[in-house]
Amino acid sequence: MKDNINKRIKTSNKIYPLFYGLSSDLIFFIAINTLFLTQVKELTSSEINFMTTMGVLISLFFYLFSHKIIKKIGNLNSIKLGTLLILIASILFTFSKHIILFIFAEILYEVSFVFKSVDTVVLNNNLTYEHREDEFVKIKSKATTIYSIATLITSLLAGFLFSINPYIPMIICIIICLNNFIMAHFIYEISKDKKIIQKTSNNKINFTKIVITIIIVYGLLYGTVAVCQTNDKLFMQYKLQEFMEVNNIALALSFILFLSRISRLFSNIFFIRIYDKLKNKIIYLINIALITSVLLFIIGHLLTNPKFGIILMSIGFLLLLALRDPTENVLSNLLLQNTLKDDKEQIMLYFQFSRRLVVFILSSLATLILTKFELIHLYIIIFIFAFIYLLIVIKLIHLLKKSNKS
C-alpha cells in the first residue's frame, strides 16, 4: 500500500510542472484575446473593460468565502473544479455571441484560479511528506519555465493561425483546457487521502507578522508588475507613434513582446542559480529591478530622441517580464515555509487575493489619473510607490532573519 502511495506521489510531482505550465492561463487565447473579441465577436473596448472589471470584482468577493468550499470538497476536487471552470470559460469565449455570456465567461475564468491556486499547497504537502521541501522553488521554477515556453510558442503561432481562421487558436485552446482537466485527475495529495498530515478543528488562522508581511509584499510587487505590464505596452505604443507609421507600430510591438517572452523564459532558467546564492535576499533584487524598470520608462519618455527612448522602454519592459515568475516562486515558498499545516489552503487564498486587490486598486487609480493626466504622471507615482515597497521588503528580511535565529 505504501509503495502505491509513493508511486502516486512521484507521478503527481513529475506531471506538476507540465500541468502548471499549461493550466496557468488560457493558452493561445491570451495571445489574441483583444483581437478575437473585437474583430470576431465585435465587442467594443468599453465592453471588454467592463467584462474584465466584473470578473475581477466578483473573484475578489469570492475569495472571502471560497476557503469553506475548498475545505469541504478537498484540494484535489478543488483543482479539478478549477480546470473544469476554465474549460467552460474557453468554450464560452469561443462560441458566445452576447455580452452577458462573455461576462459570465470572464467570471468563470477569474474564479477558476481561486480553486486551482491550491495546487501549490498540494505540491508543498507532497514534498514535505517526501522530505524534499528544499526542492519546492526548483520544481516551481521548472513549472513556470514550461509556462514561459508555451506562451513563447503561442506568441509566434497564434497570429499566423488567426489569419488563416480566427477560430483555430480558440479550438486549440479548448483542447489544451480539456487536457488540463484530464491531467488534474492524476494530481495526488497524501495529506488528504491518507491523513498523514492531520487537520484540526480550529478555524482560526495563525496570522504571524511574517505571514502578513509576505502576503503584503507579494501583493504589492506582483500586483504592480501586472499593472505596469498592461500600461507599458500602451506607453511604448505612444512612443512608437512619434516616429513610426501605423502599420509598422504593430510589427514593432509584436517584436518587443516576443523578446519579452524570451526574457521571461531566461529568467526562469537562470533564476534558480541566483536564488541558490542569494536565497531570501533575492527579494531586494526583485524590488530594485521593479524600480529600475519604471525608471527606464520615465527616462525613455523624457528623452528628446524617441528612438533612444523606445530602446530604454523596451529594456524596462523586458526587465519587468523577467520579474513575474521569480516573485511568485520565492514568496509562495516563503509563505508555505512559515505557515502551519492547517492554514496553508486559506493562507494561499489570501496570498492570491492580495495580488488581485492591488491590481484592482492600482488599475482604478490609473483610470482616475489618466482621465486628467498623462501616463508619465502615473509612472512617477508608481516609481514612488516602488521605493516605499523597499521599506516593507527590508522589514520582511529582518523578520525572516530574526525567525531563523530563534
Side-chain angles (χ1 to χ4, degrees), residues 12-13 15-30 55-56 58-93 104-127 136 139-140 142-144 146-148 150-151 173-189 191-192 215 218-219 222 226 324-325 327-329 331-333 335-336 344-357 359:
S12 178
N13 290 344
I15 68 170
Y16 177 84
L18 181 63
F19 171 75
Y20 181 93
L22 295 179
S23 64
S24 291
D25 214 325
L26 285 170
I27 303 296
F28 270 94
F29 177 63
I30 56 172
V56 173
I58 291 176
S59 70
L60 284 175
F61 283 114
F62 193 79
Y63 266 106
L64 300 178
F65 60 87
S66 58
H67 175 65
K68 294 181 179 179
I69 301 174
I70 293 172
K71 188 175 181 181
K72 189 171 184 179
I73 67 176
N75 288 347
L76 298 182
N77 286 328
S78 178
I79 294 170
K80 293 172 188 175
L81 179 58
T83 54
L84 177 62
L85 291 179
I86 201 169
L87 170 61
I88 296 171
S90 67
I91 294 171
L92 287 174
F93 278 128
F104 184 57
E106 185 68 23
I107 291 170
L108 291 181
Y109 168 76
E110 292 288 346
V111 170
S112 68
F113 292 106
V114 178
F115 288 107
K116 186 187 166 293
S117 64
V118 295
D119 61 359
T120 302
V121 178
V122 170
L123 174 66
N124 179 263
N125 286 342
N126 287 341
L127 291 174
F136 178 84
I139 294 176
K140 278 285 289 182
K142 185 177 179 181
T144 49
I146 291 176
Y147 174 74
S148 300
T151 53
C173 178
I174 293 173
I175 293 171
I176 292 173
C177 289
L178 178 60
N179 175 71
N180 295 336
F181 178 64
I182 294 171
M183 275 201 296
H185 289 74
F186 291 91
I187 300 295
Y188 181 80
E189 184 185 23
S191 61
K192 294 292 182 182
I215 290 173
Y218 172 71
Y222 198 100
R324 290 197 65 146
D325 298 327
T327 303
E328 180 161 0
N329 292 343
L331 291 167
S332 62
N333 180 52
L335 183 73
L336 293 172
K344 286 182 179 180
E345 290 84 0
Q346 195 164 358
I347 288 292
M348 185 55 66
L349 291 174
Y350 280 106
F351 185 70
Q352 297 297 334
F353 174 82
S354 69
R355 179 187 78 186
R356 281 172 167 78
L357 181 62
V359 169

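Values reported hereafter were calculated over all heavy atoms of this structure, with side chains retained and with hydrogens, waters and symmetry mates removed.
Using modelled atom types, one side-chain atom of Asn180 and one backbone atom of Leu22 make a donor-acceptor pair closer than 3.5 Å. Of the possible polar contacts, one joining the Asn126 side chain to the Tyr188 backbone as a donor-acceptor pair under 3.5 Å is found. The backbone N or O of Ile215 lies less than 3.5 Å from a partner atom in the side chain of Ser354, making a donor-acceptor pair.
Asp25 and Ile30 make their closest contact through OD1-CG2, 3.1 Å (heavy atoms, listed as atom of the first residue, atom of the second, distance). The two atoms that bring Phe19 and Met183 nearest to each other are CA-CE, 3.7 Å, heavy atoms only. Heavy-atom minimum distance, Leu18 versus Ile146: N-CD1, 3.7 Å. Contact record, Leu26 with Cys177: CD2-SG, 3.5 Å, taken as the closest heavy-atom pair. In terms of heavy-atom proximity, Val118 sits nearest to Asn75 at CG2-O, 3.7 Å.
Ring planes of Phe351 and Tyr218: parallel class, angle under 30° (limits at 30 and 60°).
At a threshold of 4.5 Å between non-hydrogen side-chain atoms, the residues Asn124 and Lys344 count as touching. Looking at Val56 and Val359, their side chains never come closer than 4.5 Å, going by heavy atoms from C-beta outward. Using a 4.5 Å cut-off on side-chain heavy atoms (C-beta onward), His67 and Tyr350 make no contact.
In this structure, the ring of Phe113 has its center less than 6.0 angstrom from the ring center of Tyr109. Less than 6.0 angstrom separates the ring centroid of Phe115 from the ring centroid of Phe62.
Each of Asp119, Val122, Asn13 was evaluated against Ile187; a single residue qualifies, Val122, per the side chain to side chain contact (heavy atoms under 4.5 Å, CB included) test.
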